[in-house]
Enquirer: 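Mind looking over this structure? Questions follow.
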Number of protein chains: 2
Amino acid sequence: MTGTATSDTRVRLIDAAADLIAAAPGEDFSLRAVCDAVGVKMPTLYHFFGSKQGLIDAVVERGFDLYLGEKAAMESSGDPIQDIRAGWDAHVAFGLANPGFYTLMYGKVRPGYSPAAQSRPSEILLALTTRAADQGRLVVAPEQAAAHVLVTNVGVTLRQIVLAAADPELSAAVREGTIAAITGTGAQPRNPLAAAVEIAAAHPDVLGRAETQLLVEWLTKLGEQSPAAPTA
Amino acid sequence: MTGTATSDTRVRLIDAAADLIAAAPGEDFSLRAVCDAVGVKMPTLYHFFGSKQGLIDAVVERGFDLYLGEKAAMESSGDPIQDIRAGWDAHVAFGLANPGFYTLMYGKVRPGYSPAAQSRPSEILLALTTRAADQGRLVVAPEQAAAHVLVTNVGVTLRQIVLAAADPELSAAVREGTIAAITGTGAQPRNPLAAAVEIAAAHPDVLGRAETQLLVEWLTKLGEQSPAAPTA
DNA sequence: TTACCGGATGTAGCAGTGCTATATGAATCA
DNA sequence: TGATTCATATAGCACTGCTACATCCGGTAA
């Protein structure tokens, strides 16, 4: 508790574990290897963390500290949507730079449990979407918008980690697609016939399936043969 | 090779492993537990699969077989975008129904490696985006569109698995956001349905008088009852 | 028939794992 | 000083993935 030299061993154990995890992200690691790296025996580790999961939790906590530290260093642009963009990119960058930490923080897929510390950045995101909603710039509830952003942001980050290759183009595309979805600001205005096709296809229950299919067929034919509506 | 009763043990081992994995998705499982369930000793398992990873690979392969089996049972609507929607929902449904299989298929985050069988459904998706692109309905390359859909689809599925709760609203929101992003059909400054009505009415010769009239009727109904029809 | 051979399975045991009961040194405090 | 508490070590348990070796059993060839 006092943070004197006694807790130094604890910190060194966490660091050693983080190093081992970073050396093989997603893989398992040995507690004995951690202890050897620190020059200590297993009961010492168990004295501090109680279990392997306890050590992992401590590493995860440290990961979120690191992540939030970077996040805190960013200054707000004043525009919540712009801040969401910056937060998105920071999230992806952190994941690619620290795949060991990131896979523990967001990459463990065990039904029913996710690290409690996930709520910390999630609340920051929710604050941003709430501000955006207050400014009337969202077409969905701030909670839904935050969930939407989180899901796609994590998804695109994990994908880049498993592919072992940064894909800024994909990240940007998904980011803008997500922002467009929650703000309702689509891309450029485009062929209204094509847009009508999408609307009809998105709601096949309104007209019925057969009618919708025929409608789509007609609209497509209209788009091909009508000089007023060139297909882009 | 002959597929006689000899290979029955192999299949039963895979089934037993799949059951154990399904019982604790994302968790590790013991080879001895698999052997006990089948009533066989470890060397038998190693005779067939060579290693634990070999068994896991076989289970993953079986998972993709199952998934593609369900996918093959779906009939195409004729509209590639609509097929992408159906494929999206099928993907999420499979993941939620088979979290054990799914976490092995798409939930393992190890940099540099992902199951080779992932390419099978990916190619189906790419075929759909390619068809959509041929119809001039995409604003990005088919490969990028497929990557975008895959990333968000997997992301939203994994999220629902870790939350241990289906969230059809979130899935639909991300799905439509993704489709809007690749088709370029976001919210329009002007109602595209109304614009489509004008175009159709201006070219009654393309479809014929009766069809055009019916088309206009449908588009109007769609505009009245579709909640996604942009109003602002 | 007899001998053989290869695939399938069992016995026994390796090294390594997470974890723990117990003990010892050192520091703190009454 | 004596007592208590924290940090660390020794030793070992139960379990893991994995494997060298031996055994059975069915088909094939002489």
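Below, each value reflects all heavy atoms present in this structure, side chains not excepted, and no hydrogens, waters or symmetry copies. Every chain is numbered from 1 and lettered A, B, ... according to where its sequence line falls, protein lines coming before strand lines. For clarity, every value in this text was computed on a predicted model and none was experimentally measured.
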Enquirer: Can R12(B) and D19(B) be counted as an ion pair, charged N to O under 4.0 angstrom?
Expert: no
Enquirer: Check the surroundings of atom NZ in K71(B): do more than 12 heavy atoms from other residues, nucleotides or ligands lie under 6.0 Å from it?
Expert: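 Buried by this count: over 12 neighbours within 6.0 Å.
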Enquirer: Does anything in residues 50-62 of chain A come within less than 4.0 Å of DNA chain D? Heavy atoms only, and list the residues if so.
Expert: none
Enquirer: Would you say a side-chain N or O of H47(A) is under 4.0 Å from OP1 or OP2 of dT8(D)?
Expert: no
Enquirer: For a quick test of reading the model: is some side-chain N or O of T9(B) closer than 4.0 Å to OP1 or OP2 of dA8(C)?
Expert: no
Enquirer: Taking only residues two or more places apart in sequence, or in another chain, which ones meet D15(B) in a side-chain hydrogen bond (donor to acceptor under 3.5 Å, both in side chains)?
Expert: R62(B)
Enquirer: Just to be sure I understand the geometry, which residues of residues 22-42 of chain B put a non-hydrogen atom under 4.0 Å away from DNA chain C?
Expert: R32(B), V40(B), K41(B)
Enquirer: Distances for protein N/O vs nucleotides 23-27 of chain C N/O pairs under 3.5 angstrom?
Expert:
none

Enquirer: Donor-acceptor pair, R131(A) side chain versus G78(A) backbone, under 3.5 Å?
Expert: yes
Enquirer: Output all residues satisfying side chain to side chain contact (heavy atoms under 4.5 Å, CB included) with V140(B), sequence neighbours left out; order by chain, then residue number.
Expert: Q144(B), A145(B), I182(B)
Enquirer: Does the side chain of Y46(B) get closer than 4.0 angstrom to OP1 or OP2 of dC18(D) through an N or O atom?
Expert: yes
Enquirer: Nearest to the side chain of P43(A), which nucleotide is it out of dA7(D), dA21(C), dC19(C)?
Expert: dA21(C)
Enquirer: Just wondering, do L150(A) and R159(B) contact through their side chains at under 4.5 Å, heavy atoms?
Expert: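 Yes, close enough: below the 4.5 Å cut-off.
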Enquirer: If you draw a 6.0 Å radius around CD in E169(B), do more than 12 non-hydrogen atoms from other residues or ligands fall strictly inside?
Expert: no
Enquirer: Can you establish whether the number of heavy atoms outside Q53(B) located under 6.0 Å from its atom CD is more than 12?
Expert: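 Atom CD in Q53(B) is crowded, with more than 12 foreign heavy atoms closer than 6.0 Å.
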Enquirer: So, for L138(B) and T129(B), which heavy atoms are closest and what is the spacing to 0.1 Å?
Expert: CD1-O, 3.2 Å
Enquirer: What are the two closest heavy atoms between Q160(B) and P168(B), and how far apart are they?
Expert: NE2-N, 4.2 Å
Enquirer: Rounded to whole angstrom units, what separation is found between the CZ atom of R10(A) and the P atom of dT8(D)?
Expert: 13 Å
Enquirer: Hey, can you pull the donor-acceptor pairs under 3.5 Å for the side chains in residues 102-112 of chain B, sequence neighbours left out?
Expert:
from: Y102(B); atom 1: OH; to: H91(B); atom 2: NE2; distance (Å): 2.5
from: T103(B); atom 1: OG1; to: P99(B); atom 2: O; distance (Å): 2.9
from: T103(B); atom 1: OG1; to: G100(B); atom 2: O; distance (Å): 3.0
from: R110(B); atom 1: NE; to: E27(A); atom 2: OE2; distance (Å): 3.3

